[in-house]
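In what follows, a single structure is set out as structure tokens and then discussed.
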Amino acid sequence: MSEKIPIANSINYVHVEALNERTYKNLVPYTSDMKTTKTFLFAAIDMILRYITELNEHDSPVIKNGLRTPAEYRKMFTFEIDDQGSDLYDILANCERILETTVRSGHPRFINQLSQGVDTISLVGEMITSTINANMFTYEVAPVFNLMEESVLTHMRDCCGWPKQGPLSKNGDGVLAPGGALSNLYAVLAAKHYAFPQIKKGGIQNGLRPAMVISKHCHYSMKRAAAILSIGTDQVYEVDPDESGRVTAENIEEKILYCQSLGLTVFFVAITAGTTVFGAFDPIEEVSVICRKYNVWLHVDGAWGGSTLLSPKTKHLLQGIDKADSFTWNPHKLMSIHLQCSAILIRHLNVLQEANQMCAGYLFQPDKHYETSLDTGDKTIQCGRHVDILKLWLGWKARGHLGYAEHVEGLVENAKFFYEALLKREPYFRMVMKPPFINVCFWYVPSSLQHYDQTTLEYKQRLDKVAPKIKERMMNSGTMMIGYQRLDDYPNFFRAIISNPATTKGDIVAMIDTIHELGHDL
Ligand SMILES: *Cc1c(COP(=O)(O)O)cnc(C)c1O
């Protein structure tokens, strides 16, 4: 028998003791008596409310007592399943411990990942979604959600300015995917099918040598898509970006010609709207001219920066998106929608369906009594698919276009504040570049390094060790979380990215102070 965890905090509205000795059999659907079920659900919601309250105390830790070792977590939880099940009190006690020990990615000082925050409307969207437990694959089991998804994706394509085509007058196609990496896989898959429809059945044969040209700062999922689809990562040719992190159309053209000289057929070019580390925007308009010239599919990965389309002040960053063949846009990053929610948008009708359909007779009966184009299941690479649309639709309904414009502008404003605050703290803080977007990349330079010549190898090697050391101390104290990385020839630097509207200017100053406190003696 595992040791029982006591529920530490008093629960306001419910007598959890009533759940002692009660089991899953006292809950719906094992009984139709709702009494215990209600107590159990209210207790869970009460814990959630307490968690959210704590999150918004800005000086509270991001990880209570810091990140622990695997051994410590294993001791804290009994991960093993027993022969006898646990009672409901024990289940709730485990839930409470999870909420207590978790890394609080909703905390205003968690700026470690591009997806951040706890959005109340998204949360309700996920709760309702989960309550219904629907499956997106057919219209008959998720009619309203499929219509909702069609409508929101149409609107997202409208933001791209794609024209209406075909008998149904649609402005393209698309689907919500579990993340940007998967959306990028969809893009490569669709482009491959568009160029070489014979591969679906016959595989790559007869000396066909498909190749991709991408920016070196493209997300790594592009290369993985090449691996998954048997194009091979050797056939992915990378173009070096300039010092601002952007590729030029000339360099893309050069690479296409180089591939052609090797006897390869370039079918796909990928560039990025908001690169993951620097937040740079590649020149879509110029690259689209080259892609048209060589008849190559142009994919724009806007997983991070796609949401700039939402504000009239930032949408110029995506100038030329109307000419892209496909576009990845993650509402679960800049739009504060909960994981997972990513859109792959495709300007061409039918490619997704033709590339993926297997016509499984038990799901996609061709003689259904309704318009089967609303059965989205056969154009995906999944079978069942989670409902990701409700939280996005609710979030957009609540904010309206103006609310989201304000949201994006607020985040840009915060980034500007962050950048200016860092400039004031020289020489302890040094910028990697002037932020092209929300990503603020900088080094912390402790006093011990300030007298070094910055061009020397020794300086770089020492600076490279600073960010990981500060991060280690940060994780042990649990006060905040920020990511770091190397890129190209740059030694390890911090990347601050704020997509959580809860993060204030006060948090920004506090985070800068924290980094200084953790690192000044290094
Ligand atoms: C985050 C990111 C991705 C991957 O998205 P996931 O939702 O994490 O799969 C792809 N491309 C870019 C540019 C990104 O920033």
Side-chain angles (χ1 to χ4, degrees), residues 105 110-117 119 122 126 156 174-191 212 214-228 236 238-239 241 244-247 268-284 287 298-309 314 317-318 321 324 326-345 380-382 385-386 388-389 391-392 408 411 415 435-441 482-485 487 495-500:
S105 17
F110 174 94
I111 58 170
N112 205 64
Q113 251 71 47
L114 301 170
S115 46
Q116 307 168 0
D119 180 70
S122 264
E126 276 291 273
M156 292 173 98
V175 72
L176 287 185
L182 272 269
S183 290
N184 288 340
L185 173 65
Y186 271 113
V188 182
L189 176 59
M212 296 161 49
I214 68 171
S215 161
K216 194 174 170 200
H217 285 188
C218 268
H219 191 262
Y220 73 91
S221 55
M222 237 33 111
K223 275 195 189 163
R224 188 158 57 199
I228 294 171
V236 180
E238 291 182 329
V239 173
S244 70
R246 292 156 42 103
V247 288
F268 182 87
V269 164
I271 54 175
T272 313
T275 54
T276 313
V277 179
F278 286 153
F281 286 75
D282 288 321
I284 306 173
V287 175
L298 173 60
H299 175 63
V300 176
D301 179 1
W304 172 228
S307 302
T308 50
L309 287 174
T314 52
L317 291 167
L318 274 128
I321 191 63
S326 54
F327 182 42
T328 292
W329 177 352
N330 276 10
H332 73 209
K333 286 184 174 172
L334 221 104
M335 290 174 83
S336 289
I337 301 301
H338 282 200
L339 286 163
Q340 301 167 321
C341 191
S342 170
I344 174 66
L345 306 172
T380 73
I381 56 174
Q382 303 177 245
R385 185 162 62 96
H386 188 255
D388 293 328
I389 189 61
K391 59 195 168 190
L392 172 58
V408 173
L411 297 176
F437 186 43
I438 288 171
N439 313 37
V440 181
C441 296
I482 181 173
Y484 74 85
Q485 64 279 297
L487 190 66
R495 176 194 62 163
I497 21 113
I498 300 174
S499 66
N500 184 356

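Small disclaimer: the values here were computed from a predicted structure and weren't measured. The chain is numbered in sequence order, starting from 1. Atoms within each ligand, like the ligands themselves, are counted from 1 in listed order.
When non-hydrogen atoms are compared, ligand 1 lies under 4.0 Å from the backbone of Ala181 as well as from its side chain.
The shortest N or O to N or O distance between Leu182 and ligand 1 is not under 3.5 Å. Considering backbone and side-chain atoms alike, Asn330 places an N or O below 3.5 Å from some N or O of ligand 1. Distances between N or O atoms of Thr276 and those of ligand 1 include at least one value under 3.5 Å. For Thr275, no nitrogen or oxygen atom sits less than 3.5 Å from a nitrogen or oxygen atom of ligand 1, counting backbone and side chain alike. Checked by distance only, ligand 1 and Gly180 come closer than 3.5 Å through their nitrogen or oxygen atoms.
Nearest protein heavy-atom neighbour of atom 1 (C) of ligand 1: Lys333 NZ, 1.3 Å. In terms of protein heavy atoms, atom 11 (N) of ligand 1 is closest to Asp301 OD2, 2.6 Å. From the protein, the heavy atom lying nearest to atom 10 (C) of ligand 1 is His219 CG, 3.2 Å.
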Pair His217-Phe278, ring pair (Phe, Tyr, Trp, His ring centres under 6.0 Å): steps then yes or no: CA-CA 9 Å; His217 285 188; Phe278 286 153; 5.6 Å; yes

Determine whether Met212 and Lys223 satisfy the following criterion, side chain to side chain contact (heavy atoms under 4.5 Å, CB included), listing intermediate values before the conclusion. CA-CA 9 Å; Met212 296 161 49; Lys223 275 195 189 163; over 6 Å; no

Evaluate Cys341 against Lys391 for side chain to side chain contact (heavy atoms under 4.5 Å, CB included), listing each step before the verdict. CA-CA 9 Å; Cys341 191; Lys391 59 195 168 190; 4.1 Å; yes

Pair Trp304, Thr275 - check side chain to side chain contact (heavy atoms under 4.5 Å, CB included), show working. CA-CA 7 Å; Trp304 172 228; Thr275 54; over 6 Å; no

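Close approach of ligand 1 to Asn184 (heavy-atom distance below 4.0 Å) involves ligand atoms 10 (C), 11 (N). When each atom of ligand 1 is checked for a heavy atom of Leu114 under 4.0 Å away, the hits are 1 (C), 15 (O). Applying the 4.0 Å criterion to heavy atoms of Ala303 picks out, from ligand 1, the atoms 2 (C), 3 (C), 10 (C), 11 (N), 12 (C), 14 (C). Atoms of ligand 1 found under 4.0 Å from any heavy atom of Trp304, numbered from 1 in the order shown, are 15 (O). If you number the atoms of ligand 1 from 1 as listed, the ones under 4.0 Å from a heavy atom of Gly179 come out as 7 (O), 9 (O).
Between Pro178 and Gln382 the shortest side-chain heavy-atom distance falls below 4.5 Å. Counting only heavy atoms from C-beta outward, the side chains of Asp388 and Ile337 never approach each other to under 4.5 Å. The shortest distance between side-chain heavy atoms of Met222 and Asp301 falls below 4.5 Å.
Of the options Val188, Ile271, Val269, Thr328, a side chain to side chain contact (heavy atoms under 4.5 Å, CB included) to His299 is made by Thr328 and by none of the others.
Residue contacts with ligand 1 include His332, since one of its heavy atoms falls under 4.0 Å from the ligand.
When all heavy atoms of Ser499 and Leu114 are compared, the pair lying nearest together is OG-O, 2.9 Å.
Note that the CZ atom of Arg495 and the OH atom of Tyr484 stand 13.0 Å from one another [nearest 0.5 Å].
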